[in-house]
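Here's the structure, in structure tokens; my notes come after.
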Amino acid sequence: MLLSWLTGLGAGMVLLHFLQKLLFPYFWDDFWYLMKVVQCGMRIKTSSRKGELVTVLDKFLSHAKKQPQKPFIIYEGDIYTYEDVDKRSSRVAHVFLNHSTLKRGDTVALLMTNEPDFVHVWFGLAKLGCVVAFLNSNIRANSLLHCIRSYLLETLEEILPSLPEDISVWGMKDSVPGGVISLKEKLSTVSDKPVPRIHHVTTNFKSPFLYIFTSGTTGLPKAAVITQLQALKGSVGLWAFGCTTDDIIYITLPLYHSSGALLGIAGCVELGATCVLKKKFSASQFWNDCKKHNVTVFQYIGELCRYLCKQPKKEGEKDHQVRLAIGNGIRSDVWREFLDRFGNIKMCELYGATEGNICFMNHTGKIGAVGRTNLFYKLFFTFDLIKYDFQKDEPIRNEQGWCSRVKKGEPGLLISRVNEKNPFFGYAGNKKHTEKKLLCDVFKKGDVYFNTGDLMVQDQENFLYFWDRIGDTFRWKGENIATTEVADVLGMLDFVQESNVYGVAVPECEGKTGMASIILKPNKPLDLEKVYEQVVTFLPAYACPRFLRIQKKMETTGTFKQKKLQLVEEGFSPLKISDPLYLMDNLKKSYVPLTKKLYDQIMLGEIKL
């Protein structure tokens, strides 16, 4: 009897398992991911109830006490332990306490490339309760001045005369230009004793922790407000994908981005792990670095993986200890090629905007997907994909004025409900920038949604796939490029009457590269060398338009917005376009006519853009 009952129970369990695999194949993946989301939320709530919040900085200080000799940063052969970083960042804090008027709540802009001192200065200022604004080290002139108003010293020298008098500038290099105070000189004159916690203790998760500049549809960079809460959420990404304190994480992405700073550095702090920091990504040195430092996890953007796949093949390419790669923007074909070539590495694709209130994590490893949704997920994050008018460049509303959801398999604009659970903190400064990112009265009166500006597709299995960006922004070389900023730079030329900037797809390249359609002023000749000089002077390299198209008339909408859709579809093919076309030539420091031969070389990948 008992044997019969046990046999029946066993058969039932097998059948149940079979049905679960058949009908709900991702149930356990979803369940364990949900448990991590709940666990993270509970930790934050528990901290809130105690009245004294545990921030990213607090977690770092805790590790510095518990494991002072553990390596925190490995950089160009040097090892910086948790204690080393704690002491040097304290020195930074004491310099500003003794030699400046900085106080809790003040904002300090940080312009620095990837190096340990980036973290030292960041944490040192955080110990004073200052809000640190990360500046993109590639930006120039107007954009840089704009960012400092709301180091690379050679960059800073360009704008020093234009800075307001109440802004003081400090430099970390051995020699600094006039008007700049040397922070490096003063570090040796101060103590490395702990900074009193009263300077940085936090009682409100909504207080600003960082400003991270992000380009958008309004042109010049905008300072996204990163609160203590957002920083904590960003820091658990590595943990959520299964990283542990024993992992060694390779960070080649710029620290001024949220990926490098929050997911990377703050993620290592959350784990108490070690990071190998690279000044700049190098495809040729990547795997040697991984083997040398026993790297187990690395961060990526899609371009990074493609560059690695384009490297000449070598023996022993699967001979490494890397088990996880975490990032965003990798194409399905590159994903497959990467795994086939470099071995059994779990690719952890994710989606999220720096300032956004929504994120997706591909916890199943489904190739091509940025994440997956289900009933449980929507309990925590309310989002929708809505119909979008590509001609009018705005969401479609019905006769009653409401937006409509797309069907599964159709591209739709990703929007996320703004509420107490998932707030949107917006941008520092101009409130109009914050308001422009919000959609109101979407499905009913009074509801508010964050507009991600991204088009997504949800398939029948509820996996989500990135489809494209909308409006006046496109992505190239892992950077968002605001078309209006590029157009403003071109508009400064005395022979340019109007310019329309957009992104065009290039074979075997992630994202879209820049192209500018230009209308010349009457009786003014085109000076291609001046165009080249203008863009390389005022724009970062990734934002310089690779192609020019000279038109006689610019097509506009009924509301006088420039039409881009047809230009994007026509691309840069001289077979389709009768207008004069030009290609950026860095060797000649000019733009040159785009011939059919050059076009064919680009399409075959013989010319790298």
Side-chain angles (χ1 to χ4, degrees), residues 53 55-58 60-61 85-112 115-135 137 144-153 155-204 206-213 221 223-228 231 255-256 261 427-430:
L53 310 182
T55 65
V56 171
L57 177 62
D58 291 326
F60 166 75
L61 294 173
V85 175
D86 183 26
K87 287 186 174 181
R88 188 162 173 86
S89 60
S90 290
R91 285 184 182 276
V92 171
H94 285 298
V95 167
F96 287 115
L97 275 175
N98 298 341
H99 300 282
S100 78
T101 59
L102 274 183
K103 61 185 183 301
R104 182 189 181 93
D106 284 347
T107 300
V108 181
L110 177 60
L111 179 61
M112 196 180 291
E115 55 190 279
D117 274 340
F118 185 108
V119 181
H120 296 145
V121 176
W122 168 17
F123 285 11
L125 290 166
K127 288 179 177 182
L128 297 181
C130 293
V131 183
V132 184
F134 293 160
L135 302 185
S137 55
L144 180 57
L145 183 59
H146 163 79
C147 290
I148 289 181
R149 280 174 173 161
S150 6
Y151 43 73
L152 299 180
L153 294 176
T155 301
L156 202 54
E157 283 183 287
E158 300 172 11
I159 64 162
L160 278 175
S162 306
L163 287 176
E165 291 182 4
D166 60 344
I167 290 181
S168 60
V169 180
W170 295 67
M172 275 295 280
K173 294 212 171 186
D174 293 322
S175 60
V176 296
V180 176
I181 306 165
S182 175
L183 175 59
K184 197 166 189 177
E185 281 183 8
K186 297 186 183 300
L187 284 176
S188 60
T189 68
V190 295
S191 168
D192 61 10
K193 65 182 181 181
V195 179
R197 193 163 182 267
I198 188 66
H199 287 288
H200 69 263
V201 66
T202 302
T203 57
N204 184 0
K206 294 183 180 180
S207 61
F209 176 54
L210 297 170
Y211 295 131
I212 297 182
F213 284 87
V225 179
I226 307 299
T227 63
Q228 297 285 358
L255 297 185
Y256 58 73
Y427 308 99
N430 196 331

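All values derive from a computational prediction rather than experimental measurement. What you see below is based on every heavy atom in this structure, not just the backbone, and it leaves out hydrogens, waters and symmetry mates. In what follows, residues are counted from 1 in the order of the sequence shown.
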> Do any N or O atoms from the side chain of Ser100 and from the backbone of Leu97 form a donor-acceptor pair under 3.5 angstrom?
Replying inline: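 A pair under 3.5 Å: no.
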> Do the side chain of Arg104 and the main chain of Gly129 share a donor and acceptor less than 3.5 angstrom apart?
Replying inline: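 Side chain of Arg104 to backbone of Gly129: no pair is present.
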Could you work out, with side-chain contact (heavy atoms from CB on, under 4.5 Å) as the rule, every residue matching [X], not counting sequence neighbours?
X	result
Thr55	Leu57, Asp58, Thr202, Gln228
Lys103	Asp106
Pro196	Ile198, His199
Val131	Thr107, Pro208, Tyr211

> So, for Pro194 and Ser90, which heavy atoms are closest and what is the spacing to 0.1 Å?
Replying inline: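 Between these two residues, the closest heavy atoms are CA-OG, 4.2 Å.
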> Any idea which heavy atoms bring Ala93 and Gly124 closest together, and the distance?
Replying inline: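 In this case the closest contact between Ala93 and Gly124 is CB-O, 3.4 Å.
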Within-4.5 Å side-chain heavy-atom neighbours: [X] and [Y]:
X	Y	result
His94	Lys193	yes
Val108	Val121	no
Lys127	Leu61	yes
His120	Val85	yes
Asp117	Met112	yes

>> Working to the nearest 0.5 angstrom, can you tell me the gap between Asp86 CG and Phe123 CZ?
In response: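 Output value for this atom pair is 10.0 Å.
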>> How long is the straight-line distance from OH of Tyr256 back to CD1 of Ile212, given to the nearest 0.5 Å?
In response: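 Spacing of CD1 (Ile212) from OH (Tyr256) equals 12.0 Å.
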>> List the residues meeting ring pair (Phe, Tyr, Trp, His ring centres under 6.0 Å) with Phe96, not counting sequence neighbours, and say none if there are none.
In response: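 Here the qualifying residues are Trp170.
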> Should the ring pair Phe134 and Trp122 be called parallel, tilted or perpendicular, given that the plane angle runs from 0 to 90° and is split at 30 and 60?
Replying inline: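 Ring orientation, 0 to 90° scale: perpendicular.
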